[in-house]
Amino acid sequence: LVGLNSTLNACASCGLWNEALELLESMERSFGVKPDVRSYSSAMAALEPSGQFEKGLELLGKMKLEGVQPNKFTYSSLICACSKENRWEKALEVAEMMEAEGVVGDVVSYSALIDALGKGRQFERAEEVLEGMRIVKLKPNVITYNSLMNALGKAGKLEQASRLLRTMKKHGVKADATSYNSLISACAHNNAVTMAFEFLREMEARNIGVDIVTLNSALSVCMKAKTWKSAEKVFESFQERGIEPDIISYNTMLACYNQGKQWKRALVLLTSMEDRGVAPDLISYNCVLSVLDKNEKCQAALELLRLMSTSDSAPNPDVVSYSCILNCFKKTSRADEAVKLLKTMESEHGIKPNAYSYMAVIDACDRCGMSEEAAQLLEVMRLRRQEPD
RNA sequence: GUAGAUUUUUACUGCUC
C-alpha cells in the first residue's frame, strides 16, 4: 500500500492525473490492496483543471461508500482542485462540508481556501477566512499571506497587497522571495515600474535572495511599461547575479522588444538564445513574428515562418504565427498574398484559421478594393463558426 | 519507508475593473 501510494504521489507531481486515477481504480483488482485515505487524497491532488474537479467529488463520494473517512489532506486537495478551476463557490462548499464532518482544518487547508477565494476575486471573503484563522488560533504562515497578496496584486489592488506585506511583518511572518515576486508581478499588471524596482532593492536590503522568477517578473514589468531599455538592464543583471536566463527570461525579453517595436534586436536575441543553449519555442517565434508584423516586415516574417515549417529543431507554426503574417499582409495591402496564405495554412499545414485570421484577410481585401472576395470570406467565416472544433 | 497550499513569458479575443 505504501509503495502504491508513493506511486500515486509521483503521478501527482508529474501531472499524470489520468495514470493516477487508473492506478487508484485498479489497486484492489490488480494488487488486492484497498485504497486508504492517503490513496484517495493523492489521486485528488493529481487532478488538473478543466472538469477534473467533478471527478474529485466523485472520488469523495466513493471513498465514503467504501468506508474510508476523508481527512484534512483529502479536503485540502479538493479545495486546491477548486482553486485550479477557479471555482471559489465550490471551494467554500468543500470547506463547509469539511467543517460539517468535524474535520479540523489546518494552516494548509485555510491557505488553500484563501488562495481559491483570491483567485475568484472574493477578497472580502478571503479576509474573513484569514480572520477566522485567528479565531481558531491558527497562525497564518508565509504561504497564507502570499496567496492573498498574489491575488490582490493580480486584481490591481497593489496598495492592499503591499499593506499585507506590512501586516505579515507585524505578525512576525518573514516575507520570502515568493512574496516579493508576487508584488513585483503585481507592479507589472499595474504599470508601477518605480515601485517594482523599489521592491527589488528592498529584497536585497533584507537579504531575501533574488531568484530567476524575480528577474523574470522584473522583465515583465518593463514589458508592460514598454521600456525595453530598462529591460535590457535587467537582462544584463542576470549574468552579474550568476543566474542563467531560462526560456521565460528570453521570451519576456523578446516580448519587451515586441512592445518597443525593436525587430532587429529581437532577431539577434532569437539567434543568441539558441547559441546559449536555450531552444526558442513557439512563444519565442510568435513574439518575433509579432514584432516583424508591427514593423511591416512581411518578407522577414515569411522567411521565419518557412524556417519554422521546415526546420526540425524549430517548433511548427500555429494559428498565431500565421495570423501575424496575415495581419502584416493586411497592413501592407497585400490582399492576394493574404488570400493565398489563408488557403495554404489549412490545406498544406492543417491549421484552421480563426476569426482573427479571417478578419485580417477580409480587411486586406477591403483595402485593396476586393469587396467581393471580402464578402465571400465573411460568409465563409460565418458558416465555419458554426462548425465544431 | 507514503499524501495537501503561494510567485514569472507570446498575436488576437474574452472575462473583470
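Just so we're on the same page: letters track the sequence lines, and every chain starts at 1.
Nearest nucleotide to the side chain of Asn5(A), out of U9(B), U6(B), U2(B): U2(B). Residue Ser290(A) places its side chain closer to A11(B) than to any other of U2(B), A11(B), G4(B). Taking every side-chain heavy atom of Ser41(A) into account, A3(B) is the closest of A3(B), U7(B), A5(B). Of the candidates A11(B), U2(B), U10(B), A11(B) carries the atom nearest the Val320(A) side chain, counting heavy atoms from C-beta on. Taking every side-chain heavy atom of Tyr356(A) into account, A11(B) is the closest of U7(B), A11(B), U8(B). Taking only side-chain atoms of Gln259(A), from C-beta outward, the nucleotide of A5(B), U9(B), A11(B) with the closest atom is A11(B). Of the listed nucleotides (U10(B), U2(B), A3(B)), U10(B) has the atom at the smallest distance from the side chain of Asn286(A). Counting only heavy atoms from C-beta on, Thr178(A) has its side chain closest to U7(B) among U9(B), U7(B), A11(B).
Remark: Lys331(A) is not in phosphate contact with A11(B), judged by side-chain N or O atoms under 4.0 Å from OP1 or OP2. Lys119(A) has a side-chain polar atom (N or O) that falls below the 4.0 Å cut-off from OP1 or OP2 of U7(B).
The residue Asn71(A) sits close to a base: some heavy atom pair falls under 4.0 Å. Within the nucleic acid shown, Thr214(A) has no heavy atom closer than 4.0 Å to any nucleic acid atom. Base contact: Asp106(A) has a heavy atom under 4.0 Å from a base atom. No engagement by Lys157(A) is indicated, since no non-hydrogen atom pair under 4.0 Å with the nucleic acid exists. Thr252(A) comes within 4.0 angstrom of the backbone, heavy atoms only, and of no base. Base engagement by Ser76(A) is indicated by at least one non-hydrogen atom pair under 4.0 Å involving a base atom. Among the heavy atoms of the strands lying under 4.0 Å from Met223(A) are primed sugar atoms or P, OP1, OP2 only; no base atom is included.
Side-chain atoms of Asp36(A) and Asn5(A) include a donor-acceptor pair closer than 3.5 Å. Side-chain polar atoms of Tyr257(A) and Glu232(A) form a donor-acceptor pair below 3.5 angstrom. At a cut-off of 3.5 Å, with distance as the only test, no side-chain donor of Asn181(A) or Ser217(A) sits close to an acceptor on the other residue.
Ring-base stacking between Phe73(A) and G4(B) is not satisfied when judged by a centre separation under 5.5 Å and a plane angle under 30°.
Between the side chain of Asn141(A) and the base of A5(B), at least one donor-acceptor pair of N or O atoms lies under 3.5 Å. Under 3.5 Å, the side chain of Ser77(A) and the base of G4(B) form no donor-acceptor pair of N or O atoms.
We find that CD1 of Ile247(A) is positioned 14 Å from P of U9(B), with the value rounded to whole Å.
The minimum heavy-atom distance between Cys287(A) and Asn258(A), with the atom names listed, is O-CG, 3.9 Å.
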